[in-house]
Enquirer: 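Here it is, the structure in full.
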2 protein chains.
Amino acid sequence: MSVTIGEAARASGVSAKMIRYYEETGLLGPAERTASGYRVYGAADLHALRFVRRARDLGFSMAEIADLLALWRDRERASASVKGLALAHVGDLRRRIRELEAMARTLENLAERCCGDGRPDCPILDDLAGKG
Amino acid sequence: MSVTIGEAARASGVSAKMIRYYEETGLLGPAERTASGYRVYGAADLHALRFVRRARDLGFSMAEIADLLALWRDRERASASVKGLALAHVGDLRRRIRELEAMARTLENLAERCCGDGRPDCPILDDLAGKG
DNA sequence: CCTTGACCTTCCCATCATGGGAAGCCCCAT
DNA sequence: ATGGGGCTTCCCATGATGGGAAGGTCAAGG
C-alpha cells in the first residue's frame, strides 16, 4: 500500500510541489525512498497529507498546522490546546473579515455616489485624492 | 516646496522603501534628483503618493492602482470606468470575505463541540483527520 | 575646517505558499 | 530498444513589504 508522489498528490489534493516543500521545510518528516530515489508514501502519510490539506482549507498557516499536527499525533494532548489554537485562528479570521468589510463598505458608499456614466466627475477619485 | 524621500514618506504615510519600489516598478514615474542623486518630491508627487496610500488602504492591488492613477490623471475619463474598477474590487473583497466567513463558521462550530479541557478527545482534530 | 550624526543611495536577502520550467534519471509498455 | 510519462533536483517568479550592509551627502556645531 505505497504510492509515488504523484498518486499521493492526487489522493490528498496536495500538489506534488507542495508535498516536497512540506518535507523540505520540516512540516512533514522525510519520505521513504525507493532504491532509485523516488519518494514513497504509505497510508499514514496520505492521512497526514489530507490533514494538512484540510487545515490549509480552513486558513491555518503552516506554523499553525505544525502545531496541529503535533497535537494530532500526541495522544496525551489536552483538547483545550487544540481549541485554543482554533479559536485564536478564528479571531484572526474575524479580524481580517472586519478589515475587508470596512474596505468594501467604504467603496460601496463611494460607488453609490458615483453616477458611473460618461462624465469625468467621480467621488471615488475625489476621495482617493483626499478631496473628501 | 520640494522634499526628500524621508519627508515624503512621513507626509504621505508611504515608507521610503515603498516609494522607491513604486518608482522601480513604474507605478510612479522616476523622481527628480538633486545633483548628488537624492530623490526630490514636489507637491504633485506628494499628492500622488497619498492617492496610492489611500488606494492601498482600500485593498486595491498595485495593478489596479496603476489603472486608478491613469484615470485620475485623465480629465476626459468616464466615471463609469472608475466605478467599474471599484465595483470589481468590491466583488473581489466580498468573495474573499465569504471564504473567510466560511472558514470561521466551520471552526466555530467545531470549537463549540470541543469541550476544551484536559482530555484528549477533540472534534476539531477528528474533523481535520477526516473522521467527521 | 573638520567631525558627527542623520539622511540618502544601491544592492541583496527574507517573508509565505505556491507555481513554472529545465535538465536529467527511471520505469513500464510496446 | 524506444517512447512517453513520471520522478529527481535546482532555479526563478509571484506581491507587497521590511531588514540590513556599504558607502556617499548634508547641515550643524566645535
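Quick caveat, the model's predicted, so the values are computed rather than measured. FYI, side chains are in, hydrogens and waters are out, and symmetry mates aren't considered; it's all heavy atoms of this structure.
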Enquirer: To the nearest Å, how far apart are A/I5 CD1 and D/dT9 P?
Expert: 8 Å

Enquirer: Please round to the nearest 0.5 Å and tell me the distance separating atom CZ of B/R113 and atom SG of B/C122.
Expert: 10.0 Å

Enquirer: Hey, is CD on A/E32 packed in by over 12 heavy atoms from elsewhere, all under 6.0 Å?
Expert: no

Enquirer: Just how far is it from atom CZ of A/R50 to atom CG of A/D45, taken to the nearest 0.5 Å?
Expert: 10.5 Å

Enquirer: May I ask you to list the residues of residues 50-71 of chain B, by number, that have any heavy atom positioned under 4.0 Å from an atom of DNA chain C?
Expert: none

Enquirer: For C/dT10, does either OP1 or OP2 sit under 4.0 Å from a side-chain N or O belonging to B/R33?
Expert: yes

Enquirer: Should A/R56 and A/M18 count as side-chain neighbours, where that means a heavy-atom distance under 4.5 Å?
Expert: no

Enquirer: I need the CD-C1' distance between A/E32 and D/dT8, as an integer number of Å.
Expert: 18 Å

Enquirer: Give the nucleotide from the list D/dC7, C/dT18, D/dT17 with an atom nearest to the side chain of A/Y21.
Expert: C/dT18

Enquirer: Mark up nucleotides 22-30 of chain C, 5' to 3', with B wherever a protein heavy atom is under 4.0 angstrom from a base atom, S wherever such an atom reaches only the sugar-phosphate, and - elsewhere.
Expert: ----BS---

Enquirer: More than 12 foreign heavy atoms under 6.0 Å from CZ of A/R33: is that the case here?
Expert: yes

Enquirer: Regarding A/D117 and A/R119, does a basic nitrogen lie under 4.0 Å from an acidic carboxylate oxygen?
Expert: yes

Enquirer: Let me know the distance between CE of A/M18 and P of C/dA17, rounded to the nearest Å.
Expert: 8 Å

Enquirer: Does A/E112 CD have over 12 foreign heavy atoms under 6.0 Å away?
Expert: no

Enquirer: Has A/T4 got a side-chain N or O lying under 4.0 Å from the OP1 or OP2 atom of D/dG6?
Expert: no

Enquirer: Output the rounded distance in Å from CG (B/L49) to C1' (D/dA16).
Expert: 16 Å

Enquirer: Please classify the nucleic acid contact of A/R20 as base, sugar-phosphate, or nothing, using heavy-atom distances under 4.0 Å.
Expert: base

Enquirer: Counting only side-chain N and O atoms of A/Y22, is one of them less than 4.0 Å from OP1 or OP2 of C/dT18?
Expert: yes

Enquirer: To the nearest Å, how far apart are B/E24 CD and C/dC12 P?
Expert: 11 Å

Enquirer: Please round to the nearest 0.5 Å and tell me the distance separating atom NZ of A/K83 and atom CG of B/L125.
Expert: 13.0 Å

Enquirer: Side chain to side chain donor-acceptor pair (under 3.5 Å): which pairs involve residues 58-72 of chain B, sequence neighbours left out?
Expert: B/S61-B/E64

Enquirer: A/R39 CZ to D/dG6 C1': how many Å, rounded?
Expert: 13 Å

